[in-house]
Amino acid sequence: MQALKDEIASAIGRLLTERYGQAPERIVVEYPPQTGMGDLASPVAFEMAKRLRKAPRAIAAELAAGLPAIPGVARVEAGGAGYLNVFLDRAAAVRALAREVSTPPAAPSGDKVIVEHTNINPNKAAHIGHLRNAVLGDTLARCLRFFGRRVEVQNYIDDTGVQVADIVIGFRDLLKQGAAEAAAFTGRFDHFCWDLYARVTEMYAARPETRALRQEVLKALEERHGPIAALADVITHRIVNCHLDTMGRIGVRYDLLPWEHDILAFRFWDHAFALLKEKRAIEHVGEGARSGCWVMALEGERFADLKEGEKIIVRSNGTVTYVGKDIAYQLWKFGLLRSDFRYAPFRDGSDGQRVWATTSGPGEAAHPQFGTAARVYNVIDVRQGYLQAIVAEGLRALGHRDQADRSVHFSYEMVALTPASAERLGIPLTDEDRRRPTIEMSGRRGLGVKADDLLDALEAGALAEVEARNADLPAGERGALARAIAVGALRYFMIKYTRNKVLAFDFDEALSFEGESGPYVQYAIVRAAGIFEKMAAAGGPDQEAAARAALEEAFDLPEGEAAEEHWSLVTQVARCRETVEQAVEALELSQIAKYAFALAQRFNSFYHKYPVMKEPDPRWQRARIVVTWLFLAQMRRLVDLIGIPVPSRM
RNA sequence: GCGCCCAUAGCUCAGCUGGAUAGAGCGUCGGACUACGAAUCCGAAGGUCGCAAGUUCGAGUCUUGCUGGGCGCACCA
């Protein structure tokens with residue numbers, strides 16, 4: 001559809017130039033609000049009216065009469081106060097759409113794109129905020145792959161930070177346990193750590209002197225030796241496996257897990273530090289409060305919130321800040337570090353896909369090539385916007401302006417709890433809290449909704465619905481349906497909101513399977529598929545037959561409301577690719593969700609009004625089979641981009 | 001103090017590069033199932049798009065100011 005829009009726009013442009021010697025720089029071609037106004041429309045005559053001192057309606061009429069034939073366009077008319085309305089050749093459009101939908105996505109080629117997402121501290125269970133991150137990142141990766149890009153998904157594991165230090169202290173000082181005990185633990189390890197982490201926070205509050213334990217543990221984590229490091233190793237590996245399990249439940253996959261301790265082990269920072277010094281991007285502070293630090297000077301409005309006008313990259317004790325490590329990591333992602341990790345398989349997923357990890361061990365020689373991307377998306381919440389800007393500025397200071405521009409912070413707002421949801425979790429609220437729009441979650445205090453718990457609740461809810469409708473199915477199959485529906489509900493919920501809006505988590509809304517939800521979209525697909533199942537069982541056409549019919553469809557229906565309703569479903573189906581392109585361009589994946597829902601809505605309405613199997617007139621029946629198949633085939637591709645599975649029945 | 005984000009129906013939210021009568025879902029009220037499966041469909045009520053100027057043939061959308069709310073501005077990550 002986009003190609004046709006461009007063609008129409010340039011045809012209008014040529015005609016305007018030819019006739020009046022001028023044309024607007026950009027000619028808008030859009031979708032009219034009503035079906036009677038054509039399939040595409042341009043308000044270009046309004047803009048030309050003032051330039052030419054001529055009535056817009058007259059200009060539109062001249063354009064309509066003067067436009068040459070455009071393949072795919074049946075006719076062009078002037079409409080309204082001066083719109084140019086374009087009517088498509090319906091038979092040609094249906095056949096073109098059938099070809100598009102039958103064509104498998106392009107094989108990956110060209111420059112690599114890295115999508116970094118999830119990045120959960122490996123010290124506790126994932127919560128619903130992490131789900132928003134992972135679903136956004138995973139959906140972006142799926143969309144990029146759909147467009148034939150080479151995509152590498154990375155999940156950065158920060159195993160040398162304060163949060164890991166705290167959980168290590170929990171095991172060692174509160175539980176008096178070491179690596180062996182942590183390894184022997186049975187049960188949901190990440191959920192256990194969720195509570196233990198909160199107990200550590202309580203300990204710090206009750207006995208502030210215990211905070212000093214952190215320094216010793218952090219040092220051991222960086223140096224990676226001794227019982228502390230062994231304990232940390234067990235904890236972080238177990239937690240990362242838990243996170244992969246949780247994300248695996250909703251179909252999220254990774255190619256590579258870069259471990260922060262490997263960034264240290266391979267001295268990425270030393271290389272980056274040398275480069276930064278060489279380019280004079282950072283300077284040593286000789287005196288004052290920051291004496292002994294290395295700082296990066298930052299100017300301009302975007303850093304106006306920086307108090308000192310400079311950011312500390314290396315502390316006076318010689319250790320590197322997070323920003324410094326991230327600059328090194330970003331350089332590696334773009335292949336600018338002239339040094340690489342070693343790699344080893346981390347584990348193989350149930351889908352047969354292998355997850356790799358960096359390693360300081362011997363590694364495996366035969367590994368895929370990692371890093372060296374032309375473009376990088378960092379899926380990180382909006383609160384880190386300023387740190388991300390500093391990292392990009394670091395790349396610029398080193399002369400890598402292009403890479404800085406292609407290092408995209410895919411930012412999104414927080415997931416918080418509505419006061420009602422918080423109270424349901426047993427979080428004590430003050431009257432002031434209750435008046436607030438949202439209550440922030442706190443992993444540190446153990447306040448929040450764990451990802452697994454939400455998924456469990458969704459599966460239980462879905463199972464109850466499945467059992468009410470499909471008592472005949474074996475239990476295993478019912479469970480599989482419930483899981484698919486739960487994933488659909490969750491993934492839809494996580495991308496339906498605009499990314500820069502705080503997601504106020506409400507249990508009833510998240511657990512809803514009706515209205516604007518993933519299951520609604522799934523249900524429409526199941527219904528469409530059901531038609532072909534029933535028809536084929538009765539000796540009628542199956543999906544393959546429908547596909548063949550669509551490729552040669554004449555789409556010649558008697559004029560009237562019914563024909564318009566069939567046609568408008570076709571045009572809606574045709575906007576898929578264009579919608580996904582725009583969504584990726586704007587990093588506004590909610591547009592894909594909204595489109596999928598609107599399309600499902602239109603189909604459900606169509607389904608109710610126009611029976612396929614019972615239709616006696618073969619011309620109408622044929623058209624309905626084709627339209628239903630176009631919807632089904634397109635919708636399958638679309639929900640796959642969002643990671644929503646298609647249940648066999650509902 | 002400085003910077004970023006948000007404000008649209010009772011509630012939760014859409015509204016694409018400015019374009020024809022501002023749309024969904026939930027909730028409320030009223031209808032449609034011995035079925036291509038009602039997790040659905042049809043209908044009704046419900047909005048001075050936070051306020052005020054400005055740009056424009058045209059503003060929910062762009063500019064400026066204001067009001068209210070959220071977040072950020074560490075030798076934490």
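Each chain gets a letter, A, B and so on, in the order the sequences are listed, and its residues count up from 1.
A sub-4.0 Å separation between OP1 or OP2 of B:G70 and a side-chain N or O of A:Arg436 is present. Put simply, A:Lys614 has a side-chain N or O that comes within less than 4.0 Å of OP1 or OP2 on B:C36. One finds no side-chain N or O of A:Arg575 lying less than 4.0 angstrom from the OP1 or OP2 phosphate oxygen of B:C16. A close approach under 4.0 Å does not occur between any side-chain nitrogen or oxygen of A:Asn317 and OP1 or OP2 of B:C75. Note on A:Arg383: every side-chain N or O is 4.0 Å or more away from OP1 and OP2 of B:C71. The shortest distance between the side-chain N/O atoms of A:Tyr322 and the OP1/OP2 oxygens of B:A77 is not below 4.0 Å. Contact annotation: A:Arg444 does not reach the phosphate of B:A77 (side-chain N/O to OP1 or OP2, under 4.0 Å). For A:Tyr520 and B:C41, the shortest distance from a side-chain N or O to OP1 or OP2 is below 4.0 Å.
Applying the side chain to side chain donor-acceptor pair (under 3.5 Å) rule to A:His409 yields no partners; only residues at least two apart in sequence or on another chain are considered. Checked against ring-ring contact (aromatic ring centres under 6.0 Å, His included), A:Tyr523 has no partners two or more places apart in sequence or in another chain. Taking the ring-ring contact (aromatic ring centres under 6.0 Å, His included) definition, one finds that A:Tyr83 meets it with A:Phe46, sequence neighbours left out. Listed by chain and number, the residues in a ring-ring contact (aromatic ring centres under 6.0 Å, His included) with A:Trp269 are A:Phe273 (sequence neighbours excluded). Contacts of A:Phe87 classified as ring-ring contact (aromatic ring centres under 6.0 Å, His included), with partners at least two apart in sequence or in another chain: none.
Remark: A:Asp472 does not engage A:Arg478 in a salt bridge, criterion side-chain N to carboxylate O under 4.0 Å. Electrostatic pairing of A:Lys325 and A:Asp158 does not count as a salt bridge here, judged by no charged N lying under 4.0 Å from a carboxylate O. A salt bridge does not link A:Glu432 to A:Arg436: none of the charged side-chain nitrogens sits closer than 4.0 Å to a carboxylate oxygen.
At most 12 heavy atoms of other shown residues, nucleotides or ligands fall within 6.0 angstrom of atom CD in A:Glu283.
Counting only N and O atoms by type, the side chains of A:Tyr329 and A:Glu260 include no donor and acceptor under 3.5 Å apart.
The A:Glu465 side chain lies nearest to B:A39 when the options are B:U21, B:G70, B:A39. Relative to the side chain of A:Pro437, the nucleotides B:G69, B:A77, B:G19 differ in distance, and B:G69 lies closest. With B:C5, B:G37, B:G19 as the candidates, the nucleotide lying closest to the side chain of A:Asn470 is B:G37. Here the side chain of A:Met650 is nearest to one of B:A39, B:A38, B:G15, namely B:A39. When distances are taken from the side chain of A:Thr321 to each of B:C13, B:C36, B:A77, the shortest belongs to B:A77. In this structure, of B:A74, B:G15, B:U40, it is B:G15 that holds the atom nearest to the side chain of A:Gln591.
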Can you give me the N/O atom pairs linking the protein to nucleotides 54-63 of chain B at distances under 3.5 Å, or say none if there are none?
none

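A:Ala41 comes within contact range of at least one nucleobase, with a heavy-atom separation under 4.0 Å. As judged by a 4.0 angstrom heavy-atom cut-off over every strand, A:Gln582 is placed among the base-contacting residues. Across all strands, A:Val502 comes closer than 4.0 Å only to sugar-phosphate atoms, never to a base (heavy-atom distances). Residue contacts shown for A:Tyr156 are absent, as no nucleic acid heavy atom lies under 4.0 Å away. A:Pro32 comes within contact range of at least one nucleobase, with a heavy-atom separation under 4.0 Å. At the heavy-atom level, A:Asn119 lies nowhere under 4.0 Å from the strands shown. Residue A:Ala289 is in base contact, counting any heavy-atom pair closer than 4.0 Å across all strands shown.
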Would you list the atom pairs, donor with acceptor, under 3.5 Å between side chains in residues 530-542 of chain A and any protein atom, with sequence neighbours excluded?
| from | atom 1 | to | atom 2 | distance (Å) |
| --- | --- | --- | --- | --- |
| A:Asp542 | OD1 | A:Glu544 | N | 3.3 |
| A:Asp542 | OD1 | A:Ala545 | N | 3.0 |

Taking distance alone, no hydrogens or angles, what donor-acceptor pairs closer than 3.5 Å link side-chain atoms of residues 50-57 of chain A to residues at least two apart or in another chain?
| from | atom 1 | to | atom 2 | distance (Å) |
| --- | --- | --- | --- | --- |
| A:Arg51 | NH1 | A:Gln22 | OE1 | 3.2 |
| A:Lys54 | NZ | A:Glu62 | OE2 | 2.5 |
| A:Arg57 | NH1 | A:Gly80 | O | 2.6 |

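Nucleotide B:A77 holds its P atom 14 Å from the CD atom of A:Gln388, rounded to whole Å.
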Subject >> Per-nucleotide protein contact string for nucleotides 24-31 of chain B (B base, S sugar-phosphate only, - none; heavy atom under 4.0 Å) >> reply: SSS-----
Original post:
Which dot-bracket string fits RNA chain B when only Watson-Crick or G-U wobble pairs with both atom distances under 3.5 Å count, crossing pairs get [ ], and | stands for a partner on a different strand?
Top reply: (((((((..((((.....[...)))).(((((.......))))).....(((((..]....))))))))))))....
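The list of salt bridge (Lys or Arg N to Asp or Glu O under 4.0 Å) pairs with a residue in residues 582-611 of chain A, not counting sequence neighbours, reads A:Glu516-A:Lys594, A:Glu561-A:Lys609, A:Glu565-A:Lys609.
For the contact set between residues 22-30 of chain A and RNA chain B, defined by any heavy atom under 4.0 Å, the members are A:Arg26, A:Glu30.
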